[in-house]
Amino acid sequence: MSASIITILGQFEQKAWSTPDSVAVVCVDESVTYRELSEQATRVAHALVDAGVRSETLVGVFLDRSVNLVAALLGIWKAGAAYLPLDPGYPPDRLAFMLEDSNVGFVLTEHSLAGSMPSTSAQIICAEDLPGQTPGHRSLPIGPAADQLAYVIYTSGSSGKPKGAAICHGGLLNVIRAISEELGLGVSDVVLASASISFDISFLEMFLPLITGARLHIVDRLCAADGARLIEALRTSGATVILGTPTSWRLLLEAGWQGSPGLQIISGGEVLPASLVRTLSGMSKAIWNHYGPTEATICATTELVRADEGKVTIGRPLANVRVYVLDQDHQQVHSGEIGEMYIGGAGVGRGYLNRPTLSEACFLLDPFDPMPGARMYKTGDLGRVLRDGRLEFLGRIDGQVKIRGFRIELEEIEEIIQQYDDIQSAAVQAVERGADDYRLIAFVVSRTEKPLIGLKEFLRKRLPWYMVPSEFITVEALPLSPNGKIDRRALKDLHIKPAVVDQQSVEQPSDEVEVTLKAIWEALLKVSPISISDNFFELGGHSLLAARMFAEIERKFHRNIPLSELVGNPTIRELAARIRHSVRDGDWPGLVTIQPGVSSLAPLFVVHGLGGSLFSFRALAAELGPDQPVYGLQRPPRIAAGKNRPTIRALAAKYIEEIQAIDPVGPYNLAGHSSGGIIAFEMAGQLRNSGREVKLLALLDCDYPAEPSVRSPSAGRLDTGLRGARHLLRRCLEEGMSVVLKRKFHHEKIKLRYRLLRLSPHTSSFHPRIFGMEAYLALSAKEYVPQPYGGDMVLFIAEESLEMQPRFGAGWARSVLGRLEMLEIPGTHQKILDLPHVTRLAQEFQKRIHPPQAALNDTLAACSID
Ligand code: AMP
C-alpha cells in the first residue's frame, strides 16, 4: 500500500521502510521493530477492511496501553478509517454514551477486555483473532488524505454531555512535525509515554518518536501515577523526552527525582508555574511549555522556558498555526491588551461530531486568513500578546477548569448530580485546599433531610474519577445572580451544613498504626472525620497527595512502601495491615535500594543516622551517577517491648548479614552520616576481623562517640555561644525561620529523651513508645567504645560544624591505625548531603571507589614490578 507522506501514517511507513530493524516500541517486556509494527498494523487494516470498514469509518479502540494499541491506531489509518479512543478505565456509562453518541460500527479490543465493554451494537474485533500472516495478495486503500478524519476524541461538555472533537490528518501531522523539529528529535531519542488514550497528548507521545525513527517507551497505568516508578522508568528506558502536566513534574520531584541531564521536558495542559520552572531548570536539558486545546489538535503554541525569566509565557504559534487575540466584536486587540484567544491555521479541527450548532458557535470563519474557507477555533481562553510577540495565558472566560491537567466543565458534573433522585439542584466549584491541591466541591440542595447515601456511587458510574467531587455540602439554596444563573463567586460564602454524603457510620481506628494513618490522612486531605474504611481517592486524594502521604509513612513508620500499594490498599484499614505486615518486630528488612545501578560495579552501602531516614542519601546517589549501585541500611522501626536495646555491635552484625546477601565477598564500600558513621565504623571492623576487605570507609560529619565532653572555660563558652547564635541566625536567613526552629525543636526533644533515658535506672527494660528509637540509638552510640581499626578511613567534616566544634575528629585519630584522611566539605552537618555541596562529596567518593585510570595503572605497574 502507499500512504501519503502528508500524514503521520505515511511518515511512519517511510521510517519502517528505511529503518525496518530499529526498535519502534517498548512496553513492559515486549518490544517491536518498525517492520514488525508496520506488519501488525497491516494485519489490523486487512481485518477491518474485510469486516466492512471504509474511508472515514469511525472505529472504537478499547485497549490498554500496549504495543497492540499502537498497532491498532496505525492499522485503522491504514484501512482509511479514523479512531475513537475508549479508555478501559472509564466508567461504563460514559463509555456507553461515547459509543452511542459517535455511532461507531466497529470496536477493536482484546479478549481480556471485551467482557468489560458496555453493551453495543458495534461489531467487536479482538486483536488475538487477527490473522498471524499479512495477506500478501490483497491491497489496502491508498493512505488517507490530509483533509480526511484521523480521530475523534471526547472532552468534557458544558451542555452537560461530553462532546467529540473531530481532527484531521493534515493538522495532526503539522503539529507533530513542528514539535519534532523544535525539539530536534533524531533516531537516538526515546520518548516515555504515560498518558491515557482519553487525552490527545497520548497521540503526541506515540507519534513523535514514530515519525522520527526514534523509540517509543510505554509505561503502564500504575507507573504513570507512581513517582518512584516513573523515576525508575526514566532511568531504565534512557528517555530523552517526557510529556506531562505540571502535576507530573511535582510527582517526580516529590518522589525524590534528582533530574536527568539529557531529558527534554514538555509541559502542557495547564499553567506552568514559574516556581516549578526554577526547580526543574538545571535538572534537565530543556523545559517546553505547550499550549493548545483538543479542538485545535493537541498544541498550538510553544515556548522554551527559562528559569531566569520571571514570567512563564505560552510562547509563539507553531509553524502554520495562527493565534489571534480578539475582542467581543472579533477585532484584534492591540499588543498588551487582553482578549480571547482564537486559533487558526493548520490544526483547526473539523468541529464536534454530530453537533452542528455547537460547532458553528466554536469553529468560525477566519477573517484574517486569506485562504478561502479557512476557519478559526474560539478557545474561551483569555490572553494577550506581549511586546516581543510571545503570548501570555490569562485564564478562562467560562466555567471550564483544569485540575491536575484534566479539563473539566463544571456544568457537566452539575447536570449528572441533578439526575440523582433526591437532588433538587447542584453547583460544583474547584477549590484550593492547600499548595497545588485543588478539589471539586459540590454544593447540593436536597429534597430530603436524609443523608445522600449512594450519590457518590451514582456519579462514579457516570463520570471519570477525576470529575467526581471529593466533598459534598448540603445548602438551603444556591445563590443566584440577577439573571437567574448560579452566582459562582457567592458559593464560597454559603452557610455550610455539616450533613455530608455517606456519613452513616464512621469506623474508628483500632490500633496505633490506624490512629497515626488517620491523623496523616486528615492533615493531608483536610477532611474530618475519616472512617478507616474510606477510600483515599474518594476523599479527594490524588497522586501528589499520595506521594506526600507515603513520605509521612516513611517518616513515622520507617517503612518504604511502594506508592502502587495504595491502588490495592486504598483505605486506612488495608494500608495499616500492609504496614503492620512489613514492620513485624525484629523482622525489618534492613536493606533498601536507593539506586540500583549496574551489577558490574561494587555497591556503596550507606548507614542511617539517628533519624533513620535514608532520603538524605538520594542526592549523593544521583551525583555518583546512575550506574553506581547504592543501598541504604535502615534502622529498625522500634524495639519490641521487653527486648534488649540493640547495641552498635549488634546492629552492625545484623547489617553485615544484609549486605552480604547482596555482595557476599566484597571488597566493601561503606559510609555513614552522623551517628550512622559509628555503625559503619563498627561494620568495617567486624568485616576486617572476618578477613574481608574494606575498600572505602567514609564517615560523614560523625563525632567520636566515647569522647568525654570538655567544658570550655567561661570566656571560651561565651565565644562558643556567640558563634552558635551567629550560626543559627545565618541558617534562619538561608533556610527560613520555621524550618530551622522545627529542626532545633526536634533535636532538643531527642536530647531531652536521651537524658531521661540515661537517668532511668532500668535502661535494659524499655518502654519503646515513650522514648522513641532515636533516643535509644543516641544512648547506644554514646556507650559505644570504638576498637582500634586496622584499615584506612576518610572523615568528611562539614565546614560549618567545624566552626562550631574545633575539636572535631581528634578521637578518631586514636582509633584508626591505618591512614586517616580528614577532608572539609562546605556546608552544615545536614547540607553536605544536598546540592551543591554533595557534588564535591561525590567526587571524593568516586576517587576512592573508582580510582582514576592513571592511579590504577600506577598500582598495576607497581604490582608487576613486585
Ligand atoms: P485540553 O483540550 O484538555 O488540552 O485543554 C485545553 C485547555 O487547557 C486550554 O484551552 C487552556 O485553557 C488549558 N491549557 C492548555 N495548555 C496550557 C498551558 N500551557 N498554560 C495554561 N493553560 C493551558
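Indexing begins at 1, ligand by ligand and atom by atom, following the structure's order.
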Requested in this report: Evaluate the criterion ring-ring contact (aromatic ring centres under 6.0 Å, His included) for residue pair Phe406 and Phe199; output intermediate values, then yes/no.
Outcome: CA-CA 9 Å; Phe406 297 111; Phe199 307 105; 5.4 Å; yes
Report summary line: So side-chain hydrogen bond (donor to acceptor under 3.5 Å, both in side chains) across residues 318-332, not counting sequence neighbours, yields Asn174-Asn320, Arg322-Tyr324, Tyr324-Asp366, His330-Tyr342
Ligand 1 polar-atom proximity to protein (N/O, under 3.5 Å):
unit_1   : atom_1 : unit_2 : atom_2 : d
ligand 1 : 2 (O)  : Thr294 : N      : 2.9
ligand 1 : 2 (O)  : Thr294 : OG1    : 2.5
ligand 1 : 2 (O)  : Arg407 : NH1    : 2.5
ligand 1 : 3 (O)  : Lys402 : NZ     : 3.1
ligand 1 : 4 (O)  : Gly292 : O      : 3.4
ligand 1 : 5 (O)  : Lys402 : NZ     : 2.8
ligand 1 : 8 (O)  : Gly269 : O      : 3.4
ligand 1 : 8 (O)  : Lys402 : NZ     : 3.1
ligand 1 : 10 (O) : Asp381 : OD1    : 3.3
ligand 1 : 10 (O) : Asp381 : OD2    : 2.5
ligand 1 : 12 (O) : Asp381 : OD1    : 2.7
ligand 1 : 12 (O) : Asp381 : OD2    : 3.4
ligand 1 : 14 (N) : Gly269 : O      : 3.4
ligand 1 : 16 (N) : Gly269 : N      : 3.2
ligand 1 : 19 (N) : Asn289 : OD1    : 3.0
ligand 1 : 19 (N) : His290 : O      : 2.8
ligand 1 : 20 (N) : Glu270 : O      : 3.4

Query raised in the report: Can you find a pair of side-chain heavy atoms, one from Tyr377 and one from Thr379, that are under 4.5 Å apart?
Result: yes
Report task. Indicate yes or no: does Asp101 engage Arg94 in a salt bridge with an N to O separation below 4.0 Å. Result -> no
Query - Polar side chain donor-acceptor pair, Ser267 to Asn289, under 3.5 angstrom - result: no
Query - Criterion ring-ring contact (aromatic ring centres under 6.0 Å, His included) on Trp77 and Tyr151, from CA distance to verdict - result: CA-CA 9 Å; Trp77 284 343; Tyr151 61 84; 7.5 Å; no
